[in-house]
Amino acid sequence: MPTPPLSDEELLRSLEVRNRHRTLDDAARELGITRSTLQNRLLRAAERGLDGSTPVKIPLNQKVKGISTLTDVAGNVILQWTKTTTDEKAAAVESAIRDAFERYRSPAILPAPTGYTDESLLVVYPVVDLHLGLFSWAKETGEDYDLKIAADLLRSSVSNLVGRAAPARTALILDMGDYFHTDNSKNQTARSGNPLDVDTRYGKVAQVGVELAVEVIELALQKHERVEYRKLPGNHDDETSLMLAIALAAWFRDNPRVSISTDPSRFFMKQFGLCMVAATHGDMLKMGDMAGYMAAKWPREWGETEHRYGYTGHVHHDRVKAGNGVRLESFNTLAAKDAWHAGEGYMSPRSMVSITLHRDYGEVDRLTACLPMLKRAA
Ligand SMILES: [Mn+2]
C-alpha cells in the first residue's frame, strides 16, 4: 500500500518546527521523525509553495533532487535554486507513450487517384516468398537478410512498381505464399520439422507483417481506384496466412476501395474479361498439373476466357511453361537464401514484377524491380 500524500497542514507544521530550530536534527527530534524524512517534507512543502516561495514548474520527466537557499543574517531568503534530476520512471512512461503513438497510423481513407484510370486494365502485383523473419548472414550465405531488410525491400519494390505501372482501375495484390518465414515460435517447417534460421520473435514478425501489408495496399491505392488482396498459404505460413487476411479485412472494412479475400483455400482464381488468372503456392499442386486442374475446377471461366495464366511461387526462381491452354510460371523472390539453400548452391536473381493484363488482349506489359536497382535507389 503506498502511503497517502501528506496534507498541507502536516507540511506547514514541519516548516514551523524547522524555523524554530537552528539545526535540522533538532527539528526532526521534536517532530519525532528522521532527518531525511524532514528533508523530504521540506522539499514537498517547497514544491507546493507552502514555504512562501513561488512553486517551481518541474518538467514531466524530472523530479526534485534538492533545494539550495541563500539567506541574509536575519534568515530572509535571498535566492533559492531547485535542483532536479531525471525521473527514470516518468521518463520511461513518456518514452512508452511516444512509442505507442509512433506506431499509430491515421485511419483516414486515402483519396482516390485524381487522374484517369483504365477499366480495361488490371495490374497484378505478385508478392512471392518474401519470408519475413528469415535470418541470413552474409558471411555464410553471401547476403544479409532480416526482418527490417525484407520489409524495406518489399516496400521499395512496390513503391517503385506502383509508380511505373499502368493506371489500371484495379490492382490485384496476390501474395503467393511464404510471406512469413515461420508459422509459430517453434522455428521449424510444419511438414518436415527442418530447423529454420530466424530473425527475432514470431509475435514481432506477425506485427510487422500486418503493418507492411497495410502499407503495400495503401501504396497501390495511390494509383489504382480499387485494390483486391489475396493471401495464399505457403508451406512456411499455412496458418498465419489466414490470420493476416482476417486482420487486413478488419483494417480495411470501411474502405470501399479495398477488398480483402479471407478465402482459406490454397487456390486463387480471378476472371478479368477474356483473362483467367489462377495461383497457388506450388508446394502441393505442381506447376505441371496446373492446367488440368484449372480446367476441371473452373470449367465456366475456362470456357469464357482466351488468355489463361497459372502463377506459382515456392521455388524462388522464375520458370515459364506454356501449353495446354495456360501460360504457367513461377517467380523470383526478393528474399535472400537461408544457410541450407545457399549451401545447396541455389542462385537466382532477386526481384519483384508487376504484370498488366488487358481484358481483351491478355498480358500487355511487365515491369521488374530488381535488387541492384532497389539498392541503388535506397
Ligand atoms: Mn515455399
Side-chain angles (χ1 to χ4, degrees), residues 124-136 141 143 145-147 149-151 153-154 157 173-199 202 205-206 208-210 212-213 216 229-245 261 263-269 277-290 293 309-321 328-353 371:
V124 186
Y125 298 92
V127 177
V128 188
D129 293 272
L130 186 64
H131 287 266
L132 271 179
L134 159 68
F135 181 77
S136 183
T141 63
E143 313 247 27
Y145 196 71
D146 58 26
L147 182 61
I149 294 173
L153 273 179
L154 182 66
S157 302
I173 299 170
L174 186 53
D175 189 294
M176 308 284 303
D178 291 357
Y179 175 74
F180 294 107
H181 189 51
T182 62
D183 215 11
N184 51 49
S185 301
K186 284 188 189 151
N187 301 336
Q188 293 178 343
T189 56
R191 299 196 198 13
S192 1
N194 294 321
L196 295 168
D197 307 343
V198 302
D199 172 38
Y202 173 78
V205 177
V208 169
V210 171
L212 179 62
V216 164
Y229 178 94
R230 171 69 201 273
K231 173 75 186 85
L232 283 163
N235 55 313
H236 285 252
D237 59 1
D238 287 278
E239 319 292 342
T240 312
S241 289
L242 184 58
M243 291 312 295
L244 171 64
S261 165
D263 177 350
S265 85
R266 300 190 78 84
F267 300 97
F268 169 86
M269 196 280 297
V277 177
T280 191
H281 183 60
D283 58 317
M284 296 175 84
L285 181 75
K286 298 297 177 222
M287 201 198 234
D289 298 325
M290 217 161 150
Y293 180 83
Y309 305 94
Y311 299 147
T312 61
H314 189 56
V315 293
H316 292 213
H317 61 83
D318 58 350
R319 278 176 313 179
V320 177
K321 189 171 168 251
L328 298 166
E329 69 174 302
S330 65
F331 297 92
N332 290 326
T333 168
L334 291 167
K337 274 151 281 295
D338 60 14
W340 188 84
H341 285 93
E344 290 281 299
Y346 283 101
M347 297 278 280
S348 48
R350 292 165 61 188
S351 60
M352 174 175 175
V353 296
L371 199 67

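Computed over heavy atoms, backbone and side chain alike; hydrogens, waters and symmetry mates excluded. Please read all numbers here as calculations on a predicted model, not as lab measurements. Ligands are counted one by one from 1 in listed order, and the atoms in each one are counted from 1 as well.
Considering all non-hydrogen atoms of both residues, Phe267 and Leu285 come closest at CE2-CD2, 3.6 Å.
Here Tyr309 pairs with nothing under the ring pair (Phe, Tyr, Trp, His ring centres under 6.0 Å) rule; sequence neighbours left out. Residues satisfying the side chain to side chain donor-acceptor pair (under 3.5 Å) test with Asp183, not counting sequence neighbours, are Thr240. The side-chain contact (heavy atoms from CB on, under 4.5 Å) test applied to Ser241 returns Lys231, Pro233, Asp237, not counting sequence neighbours.
A salt bridge links Asp238 to Arg266: at least one charged side-chain nitrogen sits closer than 4.0 Å to a carboxylate oxygen.
Of all protein N/O/S atoms, those under 2.8 Å from the Mn ion (ligand 1) are Asp178 OD2, Asn235 OD1, His281 NE2, His314 ND1, and waters are not counted.
A donor and an acceptor atom, one from each side chain of His314 and Asp283, are nowhere located under 3.5 Å apart.
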